[in-house]
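Count residues from 1 along the sequence. Only a predicted model underlies this, so the values are computations on that prediction, with no experimental measurement involved.
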Amino acid sequence: MASLVDMWEQPPFAQEPDGEGPTFRVLVEYTNQGQAKPSTLIEVFGRRYSDLDEAVRSAQDSAFSFRPPDPWSPQGRTVYRVGEREYLTMIDGVTATFHFTTRVVEEVTRGHSTARSDG
């Protein structure tokens with residue numbers, strides 16, 4: 001089986017932000033294969049974006065190009081824009097319809113512990 005990186009190609013316009021201002025990421029949330037656990041996965045795709053419009057274009061591209069593990073044999077795809085930063089993609093399989101959500105989010109913290117130290 002192809003890895004998730006193999007299933008999704010990074011758009012050519014993505015660049016790392018310069019560290020100034022907000023940082024945006026593209027997240028894709030989809031159902032895991034069959035009865036696998038956890039039942040829902042969230043993948044962070046692409047680079048960090050300092051430009052919101054670039055991040056939204058990347059999310060839109062992902063809504064049309066990402067290939068989740070199910071359906072195994074996709075028959076068609078319908079993409080809906082849910083909001084300014086979110087897309088819902090429905091993929092018809094042979095026997096069922098699957099969906100995933102693509103969102104642009106602002107990264108608030110990265111890789112920091114949430115544990116509090118009172119001492």
Side-chain angles (χ1 to χ4, degrees):
M1 178 180 169
S3 74
L4 291 175
V5 173
D6 294 334
M7 290 190 257
W8 185 81
E9 293 184 19
Q10 175 64 38
F13 50 76
Q15 297 179 6
E16 290 290 331
D18 58 11
E20 306 270 332
T23 300
F24 302 99
R25 301 299 303 265
V26 175
L27 305 182
V28 178
E29 182 176 356
Y30 60 96
T31 55
N32 207 350
Q33 289 180 303
Q35 299 300 317
K37 299 292 181 191
S39 58
T40 302
L41 299 174
I42 297 177
E43 297 290 333
V44 180
F45 287 119
R47 298 185 172 132
R48 289 173 172 85
Y49 298 88
S50 58
D51 183 73
L52 177 59
D53 292 335
E54 267 189 294
V56 170
R57 282 194 305 272
S58 180
Q60 182 177 10
D61 289 347
S62 298
F64 284 94
S65 64
F66 177 67
R67 295 185 318 245
D70 288 319
W72 189 76
S73 180
Q75 306 297 304
R77 173 183 300 237
T78 304
V79 177
Y80 300 94
R81 185 172 182 171
V82 178
E84 292 295 316
R85 301 181 183 187
E86 185 174 346
Y87 296 88
L88 172 67
T89 303
M90 298 181 69
I91 302 176
D92 295 321
V94 175
T95 61
T97 300
F98 297 84
H99 71 278
F100 67 89
T101 304
T102 308
R103 293 182 183 94
V104 173
V105 297
E106 184 175 348
E107 186 175 79
V108 177
T109 184
R110 178 185 341 160
H112 297 275
S113 171
T114 56
R116 241 178 68 174
S117 174
D118 293 327

K.L.:
Distance from Arg103 atom CZ to Arg85 atom CZ, nearest 0.5 Å?
P.N.:
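One finds 12.5 Å between CZ of Arg103 and CZ of Arg85.
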K.L.:
Does Glu106 have any salt bridge (Lys or Arg N to Asp or Glu O under 4.0 Å) partners at least two apart in sequence or in another chain, and if so, which?
P.N.:
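Result, salt bridge (Lys or Arg N to Asp or Glu O under 4.0 Å) vs Glu106: none returned.
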K.L.:
Can you find a heavy atom in the side chain of Tyr49 that is under 4.5 Å from one in the side chain of Ser58?
P.N.:
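Side-chain contact under 4.5 Å: yes.
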K.L.:
Using modelled atom types and a 3.5 Å cut-off, is there a donor and acceptor pairing between side-chain atoms of Thr89 and backbone atoms of Ala63?
P.N.:
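Yes; at least one donor-acceptor contact below 3.5 Å.
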K.L.:
Say you draw a straight line from CD of Gln60 to CZ of Arg57; how long is it, rounded to the nearest 0.5 Å?
P.N.:
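One finds 9.5 Å between CD of Gln60 and CZ of Arg57.
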K.L.:
With sequence neighbours left out, write down each residue that passes side-chain contact (heavy atoms from CB on, under 4.5 Å) with Thr97, or none if nothing qualifies.
P.N.:
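For Thr97 the side-chain contact (heavy atoms from CB on, under 4.5 Å) partners, ignoring immediate neighbours, are Met90, Asp92.
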K.L.:
What's the spacing between Tyr87 OH and Asp61 CG if we round to 0.5 Å?
P.N.:
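It is 9.0 Å, given to the nearest 0.5 Å.
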K.L.:
Mind checking what makes side-chain contact (heavy atoms from CB on, under 4.5 Å) contact with Ser73, not counting sequence neighbours?
P.N.:
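Ser73: side-chain contact (heavy atoms from CB on, under 4.5 Å) contacts with Gln75, Val94.
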K.L.:
Pick one: which of Leu88, Asp70, Leu41, Ile91 meets side-chain contact (heavy atoms from CB on, under 4.5 Å) with Phe100?
P.N.:
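So, applying the side-chain contact (heavy atoms from CB on, under 4.5 Å) to Phe100 and each of Leu88, Asp70, Leu41, Ile91, only Ile91 qualifies.
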K.L.:
Same cluster or not: Val56 versus Leu27, using hydrophobic residues (I, L, V, M, F, W, Y) connected whenever any side-chain heavy atoms lie under 4.5 Å apart?
P.N.:
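Unlinked, Val56 and Leu27 end up in two clusters.
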K.L.:
In Å, rounded to the nearest 0.5 Å, how long is the span from CH2 of Trp72 to OG1 of Thr95?
P.N.:
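So the gap between those two atoms works out to 12.0 Å.
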K.L.:
Give, for atom CZ of Phe24 and atom CZ of Arg48, the distance between the pair rounded to the nearest 0.5 Å.
P.N.:
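Answer rounded to 0.5 Å: 13.5 Å.
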K.L.:
Can you tell me how the ring of Phe66 sits relative to the ring of Tyr30, calling it parallel under 30°, perpendicular over 60° and tilted otherwise?
P.N.:
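Correct class here is tilted.
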